[in-house]
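What follows is a single structure, written as structure tokens, with notes after it.
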Amino acid sequence: DDPVSPQREFRGLKKVAYLTMEDMGDFVTDFHLSVEPMAALGWQVETVPWRSTRDWDEFDAVYICTPWDYPDYLPQFLDVLVTIESSQALLINDLSLVHWTMEKTYLRDIELRGGAIVPSTWYEGFESANPEKFFAEHETGKVVIKPTVGANAKDTFVLADPVDENILRMLRQVYSGRAFLVQPFIEAIQSEGEYSLFFFNGEYSHAILKTPKAGDFRVQEEHGADIKAVQPPDALLDTASELFASIVPLPAYGRGDWVRGDDGRYLLMELELIEPSLYLRTDSGAAARFARAFDKRFQKLAGKRALG
């Protein structure tokens, strides 16, 4: 069945739910910038908290926008997405991409394909870990520990060798029975910053450079980082374009975060395909490019559903 009702198609109206949180708190958002260009393409946008009891059949599409508290409610969040997937509404990005990037273990897949990532070691829980090995494995005196499922640098820590006993006690509690990864601390994060490149339907859109405030390592603006629009170095753009071209199914929207390694290569830190902040405000054409990509993807998916 065609997911676009004849009445909406006749009027040229399509309804999309932007999944959000009940309370965005101190989070910085700019998804509202896409509302006008989406309207120009015949879309009526409504923000809907992801825990809403709405009937998803009211919508033609659902955009996983800013449900940034989902790591704390993972089973419930996935249940909602499965419900949306089984409704008339088309979920964008694809649910398979959500499952793939829900846990940072996707980095292992990228590395196996030949992609350069920040070197990572993986643990199922702190009970079986030997913190002394964290440093030996990466031949460094400073490492980063982070959960395999997480967002906004929550429960992410920089550790120096040797680790204080009080910190170890805290880590045992935070990571009890919880999977995590350990990476070397990349000094360029503080000296140069972290690059984020944005792609819509596999095509490069814009880029930013995020630099943490003095004495910090977190690159989110909620933590005081400086954000500025940049033209990425050619080598980084080539690396990012190659990565996004390799992703199946192709994401309608996505962000990759890279940092320059000691050898000059650009190393992938994160690939964000679920609910990335797209920093539309940093490029005057970004919102319109997002809207066109979203609409194009919807038309393609709706056509496939009508045929199949």
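None of these values were measured; they are calculated from a predicted model. Values below: all heavy atoms of this structure, side chains included; hydrogens, waters and symmetry mates excluded.
With 3.5 Å as the limit, one finds a donor-acceptor pair spanning the side chains of Glu127 and Ser176. Judged purely by distance below 3.5 Å, without hydrogens or angles, the side chains of Asp69 and Trp50 pair a donor atom with an acceptor atom. Side-chain contact, Ser196 with Asp257: a donor N or O sits under 3.5 Å from an acceptor N or O. Judged by distance alone, the side chains of Ser34 and Tyr18 do bring a donor and an acceptor atom under 3.5 Å apart.
Hydrophobic cluster membership for Leu236: Leu97, Trp100, Tyr106, Leu107, Ile110, Ile117, Trp122, Leu181, Tyr195, Leu197, Phe199, Tyr204, Leu209, Val230, Leu237, Leu243, Phe244, Ile247, Trp258, Tyr266, Leu268, Leu271, Leu273 (Ile, Leu, Val, Met, Phe, Trp, Tyr linked by side-chain heavy atoms under 4.5 Å, directly or transitively). Cluster partners of Leu112, using a side-chain heavy-atom cutoff of under 4.5 Å among ILVMFWY residues and allowing indirect links: none.
Although no hydrogens or angles enter the test, the distance criterion places no donor-acceptor pair under 3.5 Å between the side chain of Tyr70 and the main chain of Leu78. Side-chain N or O atoms of Asp60 include none that pairs as donor or acceptor with a backbone N or O of Lys14 at under 3.5 Å. Looking only at distances, no side-chain donor or acceptor of Tyr279 sits under 3.5 Å from a matching main-chain atom of Ala286. Of the possible polar contacts, none joining the His138 side chain to the Ser120 backbone as a donor-acceptor pair under 3.5 Å is found. Listed for the Thr29 side chain is no donor-acceptor partner under 3.5 Å among the backbone atoms of Phe31.
The CG atom of Leu19 lies 8.5 Å from the OG1 atom of Thr66; values are rounded to the nearest 0.5 Å. The structure places CD of Gln299 at 10.0 Å from CG of Leu90, a figure rounded to the nearest 0.5 Å.
A salt bridge is absent between Glu194 and Arg255; no separation between the charged side-chain nitrogens and carboxylate oxygens falls under 4.0 Å. Ion pairing of Glu103 with Arg108 is absent here, as no side-chain N (NZ or NE/NH1/NH2) approaches a carboxylate O to less than 4.0 Å.
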Could you walk me through whether Gln88 and Trp56 pass the side chain to side chain donor-acceptor pair (under 3.5 Å) check? CA-CA 7 Å; Gln88 168 185 276; Trp56 301 110; over 6 Å; no
Give the C-alpha distance, both sets of side-chain angles, the deciding distance and a yes or no for side-chain contact (heavy atoms from CB on, under 4.5 Å) between Ile167 and Phe157. CA-CA 10 Å; Ile167 295 176; Phe157 307 96; over 6 Å; no
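Considering every non-hydrogen atom in both Pro131 and Phe126, the closest pair reads CG-CZ, 3.9 Å. Between Thr211 and Glu192, the shortest heavy-atom contact is OG1-O, 3.7 Å.
Linking ILVMFWY residues whenever their side-chain heavy atoms come closer than 4.5 Å, directly or via other members, leaves Leu250 and Tyr253 in distinct clusters.
Within the structure, side chain to side chain donor-acceptor pair (under 3.5 Å) contacts touching residues 73-86 (residues at least two apart or in different chains) do not occur. The stretch residues 233-251 participates, sequence neighbours left out, in no side chain to side chain donor-acceptor pair (under 3.5 Å) pair at all.
Between Pro249 and Asn93, every side-chain heavy-atom pair lies at or beyond the 4.5 Å cut-off. Counting only heavy atoms from C-beta outward, the side chains of Arg54 and Phe59 approach each other to under 4.5 Å.
By the 30° and 60° cut-offs, the orientation of the rings of Trp43 relative to Phe298 is perpendicular.
Residues meeting the side-chain hydrogen bond (donor to acceptor under 3.5 Å, both in side chains) test with Asp263, sequence neighbours left out: Arg265. Not a single side-chain hydrogen bond (donor to acceptor under 3.5 Å, both in side chains) links Asp161 to another residue, sequence neighbours left out.
Around the CD atom of Glu165, the shell of radius 6.0 Å holds more than 12 heavy atoms that belong to other residues, nucleotides or ligands.
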